[in-house]
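See structure below.
All ligand and atom numbering here is 1-based and tracks the order in the structure.
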Amino acid sequence: MTTTQDTRAAVRARYEPVIGLEVHVHLLTASKIFCSCSTRFGDPPNTNVCPVCLGLPGALPVLNKKAVEFATLAAMALNCRINQRSIFARKNYFYPDLPKGFQVSQYDKPLAEFGWIEVPTAAGPSAALRAGLGAGATTKKIGITRVHLEEDAGKSLHEGFPDSYERTYLDLNRCGVPLIEIVSEPDIRSPEEAHEYLTRLKEIILYTGVSDVNMEEGSLRCDANISVRPAGQEKFGTKTEIKNVNSFRFIRQALEYEIGRHITVIESGGRIQQETRLFNSNEGKTYSMRSKEEAHDYRYFPEPDLLPLVVDAAWQQQIRAQLPELPEARRARMVSEYGLTEDDASTLTRTQSMADQFESAARAAKNPKRVANLVISDLLGRLKAQGLEIEQSPISMQGVAMSADLVESGAISGKILKDLYDKAFERKQDFPAIYEQEKPQQITDTAAIEKMIDDVLAANPKQVEQYRAGKTTMKGFFVGQVMKMSKGTANPALVNELLEKKLSH
Ligand SMILES: [Zn+2]
């Protein structure tokens, strides 16, 4: 078994995967891209439709300005150059959920080009990559070929009806919902890198606020192009496309599977067919769906019902002014402003809301670093255990700031803080309320604490000797022992003070 695996790994090492991703993201406009129908998700089927999005004869599109602004903002956040003039084009194909028989998209003159995203990467094992921006990781720029605007198609419903076995139902509510398509360069070299790219991309888009990037509702969909080539060869191998995978984890699995399949085919003397494949997540395999269309199959031509899209310098400037601080910059600032590690900054900026929440607590508290530790080790774990987002936390950020200050001043111990957090989660109440109810009983009786200190010092003569020999860090050990003996109820400030006195003579 080991031998087979070793051989497989050795064969795998002789090939280099080449991956490019196409990501479709719904824009959060209230109305559709070319008509005033609502884009609301989950409305009854075929209620948000009109002659324009149904493609009835004679209906004319009117471009939604907000969609242009959102697309431009996203493209700017992805470091793209915005083309002042871009052209809408018809992409012709037949599909039951595309009543017009064509999709309005952009072709040879897209809205934006030449962008990039920086992703963490590591020359070494992929585990380092998965650990995010850990030690030894470097970063790599993945090029973004283009960002263009287009309309979505409707949805074919193949399941959920009594006669689903013989009928497909159509919901055209999604026809004309604005999308951006973000096409990467074939710069990605492993499934892990693809996963990182998608994670960063999603994060950046979320920060811009132009999409909720909700994969369950189809607000982000991803197609992957993949080929392999012998390591060291410049020419790309024949690629296959994996369509519409709906989770980042599945993309990684699908890519893993495809890489293995390509190598097996090539090693056995076969040739890869250029085709579109579907990923079956239950089996972890891809299946051939159809031969891949070439661009000329779509008979692209400029959309005659729409003027060229002009986003001039003045408008671009207005849009650029709305660019928020992006995740990478925010992480760097948080590291320097609050003295956080990169890993902690990474965790705390996972979503904009999380970063906002953390910063509001960090600014209110005396020691931001303590707030970071509290949020990461005491709050996030409890939230995760209950399946809550940070917005749903029973403990508000003011509560976190208050608790951090109480520990900071020594008014409560870390152990008591954990108990209070547990109670806050049990009773779904905020920290100040719990603190008021519990009024944690602390031992502030000097004699009792002195007695404990004496016991600790007597039980640890060697450590006392070390302390007196100049190893003052031992003090932390003694404090810990006293706190342990008191089951966390001794007043830490008092313990420190009394210990100092005892040890000084
Ligand atoms: Zn409409």
Practice task
With ring pair (Phe, Tyr, Trp, His ring centres under 6.0 Å) as the test, would you mind laying out the steps for F358 and Y338 before giving the verdict?
Solution key: CA-CA 11 Å; F358 162 71; Y338 306 119; 5.5 Å; yes

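- Evaluation of the salt bridge (Lys or Arg N to Asp or Glu O under 4.0 Å) rule for E181 yields no partner, not counting sequence neighbours.
- Legend: residues meeting salt bridge (Lys or Arg N to Asp or Glu O under 4.0 Å) with D344, ordered by chain and number and at least two apart, are K369.
- Within the protein, the N, O or S atoms sitting under 2.8 Å from the Zn ion (ligand 1) are C35 SG, C37 SG, C50 SG, C53 SG.
- No hydrogens or angles considered: a donor-acceptor pair under 3.5 Å links the side chains of N48 and D43.
- Within the structure, every pair that satisfies the ring pair (Phe, Tyr, Trp, His ring centres under 6.0 Å) test and touches residues 164-199, not counting sequence neighbours, is listed here: F161-Y169.
- Formation of a donor-acceptor pair under 3.5 Å by the S86 side chain with backbone atoms of N83 is not found in this model.
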